[in-house]
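Written out below as structure tokens is the structure these notes cover.
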Amino acid sequence: MRFGLFGTGPWAQLAHAPGLAAHSGVEFAGVWGRDPQKTADLAGRYGVPAYRDADALIADVDAVAIALPPDVQAPLALRAARAGRHLLLDKPVALRTEDAEALADAAGEVASVVFFTRRFTPELDGFLTEAAATGGWAEARIDHLGSIFVPDNPFGASPWRRERGGLWDVGPHALAVVLPVLGPVAEVTAVAGPRDLTFVLLKHVSGAVSRFTLAVDAPPAAAREEAVFAGDAGVREVPRGRWEPADALGRAVDQLLAAAAGGPSSAVDVRFGAEVTAILVAAERSLTEGATVTV
């Protein structure tokens, strides 16, 4: 399958470009980016064409892999889906519910995968499958606090992460762990703390409750990543296996290729990505309105 890469930033360099180049089922066909020099540099590193026009790259490929800010990703992905191109997207798929829903509707005839990175590690995949089969969970707690605005962190230069904070950057990862086990969300309550610290309480349709503590601008000494489910089966800590970005990207490509060949849709397709965006939008509304918001 011919893939075009859209984006030249740190995540494109760490995960997408090497993952596409190494995959035996992929022809890495070209790169488009907003900075012509960075586009030429990344394309040259992998010996593929550098495109100046995004629609020209969409026209030349079977699938697009996008590593761009969500407000840039959404309209590009929509154009690609309407052109019949398969979608490998980053999270969140969009910053507005209506944009995410439009994208999900347009992607109805193509295969799609959203790159929730840890969902593409065998350890987490196996844990979530077992936890969902076990059932009886009453609660979940996820603490995901990073400290990216420090020297030498390549993601600290990201304007959208600085503006949107941990809710939108690491919140999708938390939801990608909780939703497969506790199911859809009915109500969202969110409270802001210092810096970008955000506390989110979710009431699931099942009656279970999950609570998140999220940040990307936490004090370095407070950075942590922990996830726990509790219920009839006791208390289970979510495993944190080691993983490499390019390897995880390769597993995401595997799922996209399988779905495009007529296999089952990925559990984290664009429809799932739209569900995540709707919950994050509800949390943002709760922060603004100081009230619980129905999803």
Problem - Ionic contact status for Asp55 with Arg79, cut-off 4.0 Å - result: yes

Problem - Heavy-atom side-chain proximity of Leu145 to Glu225 below 4.5 angstrom - result: no

Exercise for the section: Is it possible for you to say whether Val31 and Tyr46 belong to one hydrophobic cluster, with membership spreading through side-chain heavy-atom contacts below 4.5 Å? Expected result: yes

Exercise for the section: Check whether the side chains of His204 and Ser210 place a donor and an acceptor atom closer than 3.5 Å, and report yes or no. Expected result: yes

For residues 242-259, tabulate all N or O donor-acceptor pairs below 3.5 Å that involve a side-chain atom, not counting sequence neighbours.
from: Arg251; atom 1: NH1; to: Phe120; atom 2: O; distance (Å): 3.1
from: Asp254; atom 1: OD1; to: His23; atom 2: NE2; distance (Å): 2.6
from: Gln255; atom 1: OE1; to: Ser266; atom 2: OG; distance (Å): 2.7

Problem - Contact check, side chains of His144 and Glu226, non-hydrogen atoms, under 4.5 Å - result: no

Problem - Validation row: Val178, Trp137 side chains within 4.5 angstrom (heavy atoms) - result: no

Exercise for the section: Would you check if Leu202 and Glu187 make a side-chain contact, meaning some heavy-atom pair closer than 4.5 Å? Expected result: no

Problem - Note, Ser147 side chain near Val150 side chain (heavy atom, < 4.5 Å) - result: yes

Distance-only donor-acceptor hits, side chain of residues 279-295, under 3.5 Å, sequence neighbours excluded:
from: Glu284; atom 1: OE1; to: Arg164; atom 2: NH1; distance (Å): 3.2
from: Glu284; atom 1: OE2; to: Arg164; atom 2: NH1; distance (Å): 2.9
from: Glu284; atom 1: OE2; to: Trp168; atom 2: NE1; distance (Å): 3.0
from: Arg285; atom 1: NE; to: Glu289; atom 2: OE2; distance (Å): 3.2
from: Ser286; atom 1: OG; to: Ala190; atom 2: N; distance (Å): 2.9
from: Ser286; atom 1: OG; to: Ala291; atom 2: O; distance (Å): 2.7
from: Thr288; atom 1: OG1; to: Glu284; atom 2: O; distance (Å): 3.1
from: Thr292; atom 1: OG1; to: Thr189; atom 2: OG1; distance (Å): 2.7

Handout entry: Separation between CZ of Arg2 and NE2 of His86, rounded to the nearest 0.5 Å
Key = 13.5 Å

Completion exercise
When every non-hydrogen atom of Pro18 is compared with those of Gln13, the smallest separation belongs to CD-O, 3.2 Å

Exercise for the section: Would you mind listing the cluster partners of Leu201? Hydrophobic ones only (ILVMFWY), side-chain contacts under 4.5 Å, chaining allowed. Expected result: Val209

Handout entry: Val235 side chain near Val228 side chain, heavy-atom distance below 4.5 Å
Key = yes

Exercise for the section: Would you please name every residue forming a side chain to side chain donor-acceptor pair (under 3.5 Å) with Asp60, sequence neighbours left out? Expected result: Tyr51

Exercise for the section: Compare every heavy atom of Gly165 with every heavy atom of Val216, then report the nearest pair and how far apart it is. Expected result: CG2-C, 3.8 Å

Exercise for the section: Evaluate the side-chain proximity of Leu88 to Val64: yes if any heavy-atom separation is below 4.5 Å, no if none is. Expected result: no

Handout entry: Phe212: partners by ring-ring contact (aromatic ring centres under 6.0 Å, His included), with sequence neighbours left out
Key = none

Practice task
Answer yes or no: is there a side-chain heavy-atom contact under 4.5 Å between Phe229 and Val238?
Solution key: yes

Handout entry: Distance (rounded to the nearest 0.5 Å) between Arg224 CZ and Asp143 CG
Key = 4.5 Å

Fill in the blank from the handout: Ala267 and Arg119 have their tightest heavy-atom pair at CB-NH2, 3.9 Å

Handout entry: Salt-bridge criterion met for Glu123 and Arg118 (N-O under 4.0 Å)
Key = no

Problem - Any pair counted as salt bridge (charged side-chain N to carboxylate O under 4.0 Å, His left out), so long as it reaches residues 88-114, sequence neighbours left out - result: Lys91-Asp169, Arg96-Glu98, Arg96-Asp99, Glu101-Arg271, Asp105-Arg271

Practice task
Grab the two heavy atoms, one from Ala80 and one from Leu87, that are nearest each other, plus how far apart they are.
Solution key: CB-CD2, 3.9 Å

Problem - Nearest atoms (heavy-atom pairs only) where Gly7 meets Leu42 - result: O-CD2, 3.8 Å

